[in-house]
Number of protein chains: 4
Amino acid sequence: MRGVNKVILIGNLGRDPDVQFLEGNIAVAKFSLATTETFKDRAGKLISQTEWHTVVLWRGLAELAQKYLHKGSLVYIEGRLRTRSWEDKEGNKKFATEVVGDNLVMLDKRMDLNNQDHPIAHHSGSGSGSGDNYSGLDIPPSLNEPADDLPF
Amino acid sequence: MRGVNKVILIGNLGRDPDVQFLEGNIAVAKFSLATTETFKDRAGKLISQTEWHTVVLWRGLAELAQKYLHKGSLVYIEGRLRTRSWEDKEGNKKFATEVVGDNLVMLDKRMDLNNQDHPIAHHSGSGSGSGDNYSGLDIPPSLNEPADDLPF
Amino acid sequence: MRGVNKVILIGNLGRDPDVQFLEGNIAVAKFSLATTETFKDRAGKLISQTEWHTVVLWRGLAELAQKYLHKGSLVYIEGRLRTRSWEDKEGNKKFATEVVGDNLVMLDKRMDLNNQDHPIAHHSGSGSGSGDNYSGLDIPPSLNEPADDLPF
Amino acid sequence: MRGVNKVILIGNLGRDPDVQFLEGNIAVAKFSLATTETFKDRAGKLISQTEWHTVVLWRGLAELAQKYLHKGSLVYIEGRLRTRSWEDKEGNKKFATEVVGDNLVMLDKRMDLNNQDHPIAHHSGSGSGSGDNYSGLDIPPSLNEPADDLPF
DNA sequence: TTTT
DNA sequence: TTTT
């Protein structure tokens with residue numbers, strides 16, 4: 001209660017997403033995302049800093065990732081932090097912090113504009129990226145209020 | 001597609017929320033929210049700057065607002081911007097930008113911790129804020145994945 | 001004090017930015033930004049909703065806008081809401097809500113990768129988008145801590 | 001360039017902050033923060049989920065943490081993710097993901113309202129928390145534009 | 001491991 | 001007025 005746990009990332013995939021299907025045919029996608037920020041240090045020198053994040057997507061978002069994302073894709077991810085812990089075979093306690101995505105926006109689909117036939121990278125062929133209803137890019141606010149009949 | 005429109009506010013209600021019910025018994029709440037930020041200007045002087053926002057909540061969130069929020073309440077609102085336009089009686093074009101909330105977190109309920117019986121302010125008596133299941137404070141990610149059986 | 005007023009947008013410029021210089025040679029840029037979100041309504045139908053925002057940038061960010069942004073540019077803007085009011089000549093009270101940007105990330109510069117010579121749109125010639133040091137894209141956290149000598 | 005790495009948290013400190021001073025008298029604070037989100041699972045059952053984060057603050061923010069934060073404090077933190085890795089004595093590779101805070105807003109100072117003399121917890125006495133100008137809570141946008149002489 |  |  002009374003908590004907020006929100007992450008917003010824009011970055012590039014380091015590899016193609018790893019997608020798996022659990023029982024019930026539930027898709028889960030996982031990939032590394034690099035966010036690079038540039039800023040000036042105290043001396044005014046330009047510093048570029050890259051951070052790697054593990055992103056996990058479920059269900060519909062995982063399926064979108066499978067269809068449209070690949071190594072190098074630029075994406076906006078909104079989600080929350082989750083830290084998992086376990087013991088490895090030697091009994092060492094391990095931790096991993098992941099970003100579980102609630103929303104995904106693809107930012108380089110625009111490539112298609114210039115170049116409909118050859119999406120920028122080695123998709124696995126399939127019928128991917130074309131067409132224009134990779135609907136649900138946003139899986140957003142399930143709020144859809146009645147039209148503009150606000151009584152104010 | 002490919003868009004993001006997100007607002008995050010923490011501030012205090014300027015008045016009790018105005019709640020109305022549309023056909024279908026759909027609740028809509030509206031209130032002014034003051035966000036005050038403090039920072040230093042170029043000269044190092046401390047500046048306090050208050051901005052007023054119009055917040056609109058629908059359905060369940062509007063009902064929570066009606067039950068638990070009042071003048072002075074401190075809240076976290078996450079939502080999106082929406083600008084409406086219309087003509088007033090004199091035919092002047094008018095604009096109003098509102099924040100339509102998708103998520104609400106009440107930040108001063110904690111009062112209850114110290115003082116279960118007298119929430120900090122003049123609630124309308126009702127069965128207000130006590131108890132600890134004013135559930136649904138967050139109306140968040142409808143993502144609920146299977147437990148920790150991630151195959152990675 | 002105790003307030004937050006934050007806006008995060010990803011969208012396209014409706015027109016080239018309008019850039020002006022105030023006394024002291026302070027740059028101010030202003031433009032309209034369209035954010036389009038797609039989601040399913042209660043009936044499962046795909047709805048696309050575009051919202052227009054007025055974005056204002058100051059100083060260095062305004063200069064970046066002047067150099068690199070144009071009609072159609074896809075950008076990430078982080079900023080805060082500010083509502084201004086005034087009276088027009090007829091004495092009508094007017095309001096305008098703007099997003100004052102604190103951070104700007106250009107999301108389609110990538111165009112340059114494919115096509116160094118013809119940025120996607122009619123830049124004003126100048127020495128625009130090429131080169132790779134349109135530094136300061138991010139004008140971010142002026143926090144730059146000492147290297148990784150954290151004592152924990 | 002072209003990246004965003006942003007985290008927004010609202011939660012409670014699990015313990016008093018651990019504050020240290022590095023050479024140059026640079027303060028660094030570190031603490032665990034619990035964010036609890038409540039939502040309904042697929043079956044409509046109310047689920048409460050707590051996530052623990054490691055938060056690191058530098059310089060002025062660390063000093064504020066030292067003065068005003070303690071076990072149980074409710075805070076808003078805005079920052080970015082940083083993952084550090086190292087090898088422990090046994091040569092095992094270890095990872096730790098932290099939230100490096102760029103902004104801090106204290107959300108329960110209001111306690112003072114009800115109870116000026118006994119802030120909710122064992123402060124180190126110092127006369128701190130009272131008064132109402134623990135200014136600089138926000139250390140925000142170093143943008144401070146000239147007053148409202150926008151030429152638009 | 002990405003990207004500029 | 002943008003973009004898909």
Side-chain angles (χ1 to χ4, degrees), chain A residues 9-18 30-39 46-55 68-77 105-114 116 120-122 129-138, chain B residues 1-5 83, chain C residues 9-18 30-39 46-55 68-77 105-114 116 120-121 129-138, chain D residues 1-5 83 85:
Chain A
L9 305 174
I10 293 180
N12 301 279
L13 275 74
R15 293 196 179 292
D16 288 359
D18 175 0
K30 194 168 188 171
F31 54 82
S32 276
L33 189 75
T35 58
T36 302
E37 293 184 286
T38 305
F39 56 95
L46 202 64
I47 301 285
S48 182
Q49 194 173 322
T50 294
E51 195 66 40
W52 286 94
H53 310 86
T54 301
V55 174
Y68 300 114
L69 301 186
H70 45 78
K71 179 173 171 174
S73 292
L74 181 65
V75 295
Y76 167 93
I77 296 281
V105 179
M106 302 180 216
L107 295 171
D108 51 8
K109 264 317 169 196
R110 164 177 275 190
M111 267 35 217
D112 295 355
L113 267 183
N114 291 334
Q116 281 85 347
I120 198 177
H122 37 224
S130 45
D132 67 336
N133 71 343
Y134 38 99
S135 56
L137 266 197
D138 289 350
Chain B
M1 221 96 64
R2 261 178 352 119
V4 171
N5 172 359
T83 298
Chain C
L9 304 175
I10 294 180
N12 301 280
L13 274 74
R15 293 196 179 291
D16 287 0
D18 175 1
K30 194 169 190 174
F31 54 83
S32 277
L33 189 75
T35 58
T36 302
E37 293 184 287
T38 306
F39 56 93
L46 202 64
I47 301 285
S48 182
Q49 195 174 322
T50 294
E51 195 65 40
W52 286 95
H53 311 85
T54 300
V55 174
Y68 300 115
L69 300 186
H70 45 78
K71 178 174 172 174
S73 293
L74 181 66
V75 295
Y76 166 93
I77 296 281
V105 179
M106 303 180 216
L107 295 171
D108 52 7
K109 262 320 170 194
R110 164 176 274 192
M111 266 35 215
D112 295 355
L113 269 182
N114 292 333
Q116 280 86 346
I120 199 176
S130 45
D132 67 337
N133 72 344
Y134 36 102
S135 58
L137 267 196
D138 289 349
Chain D
M1 223 94 63
R2 263 179 349 121
V4 171
N5 172 1
T83 298
S85 70

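Below, read A as the first sequence line, B as the second, and so on, with proteins coming before strands; counting in each chain starts at 1. Computed from a predicted model, the values in this text were never measured in an experiment.
Atom CD of A:Glu37 and atom C1' of E:dT3 are 13 Å apart (whole Å). Separating the CG atom of A:Asn12 from the P atom of E:dT4 is a distance of 7 Å, rounded to the nearest angstrom. Protein atom CG of A:Leu107 is 13 Å distant from nucleotide atom P of E:dT4, rounded to whole Å. The CD-C1' distance, from C:Glu51 to F:dT2, rounds to 13 Å in whole Å. When rounded to the nearest whole Å, the span between CG of A:Asp108 and C1' of F:dT3 equals 15 Å. Atom-to-atom, CG of A:Leu74 to P of E:dT4 comes out at 9 Å; the value is rounded to the nearest Å. Counting to the nearest Å, the P atom of E:dT3 and the NE2 atom of A:His70 are 10 Å from each other. In this structure, B:Arg2 atom CZ and F:dT4 atom P are separated by 5 Å, rounded to whole Å.
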Watson-Crick and G-U pairing of DNA chain F written in dot-bracket, each distance under 3.5 angstrom, with | for inter-strand partners: ....
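Proximity of B:Thr83 to C:Thr54: side-chain heavy atoms (C-beta onward) are nowhere separated by under 4.5 Å. Looking only at side-chain heavy atoms (C-beta outward), C:Ile10 and A:Leu107 come within less than 4.5 Å of each other.
Here the CE-CG distance, from A:Met106 to A:Leu74, works out to 12.0 Å after rounding to the nearest 0.5 Å. Here the CG atom belonging to A:Leu13 is positioned 8.5 Å from the NE2 atom belonging to A:His70, to the nearest 0.5 angstrom.
In this structure, C:Thr50 reaches the bases: a heavy-atom distance under 4.0 Å links it to at least one base atom across the strands shown.
In this structure C:Ser32 satisfies the side-chain contact (heavy atoms from CB on, under 4.5 Å) test together with C:Trp52, sequence neighbours excluded.
The side-chain ring of A:Trp52 is not stacked on the base of E:dT2, judged by centre separation under 5.5 angstrom and plane angle under 30 degrees.
In terms of modelled atom types and a separation under 3.5 Å, the side chain of C:Asp16 and the main chain of C:Lys71 share a donor-acceptor contact.
Applying the 3.5 Å distance criterion, the base of E:dT1 shares a donor-acceptor pair with the side chain of A:Ser32.
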Worked verdict on B:Asn5 versus C:Leu9 for side chain to side chain contact (heavy atoms under 4.5 Å, CB included): CA-CA 5 Å; B:Asn5 172 359; C:Leu9 304 175; 4.0 Å; yes
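Listed candidates were F:dT2, E:dT3, E:dT1. Nearest to the side chain of A:Arg15 is E:dT1.
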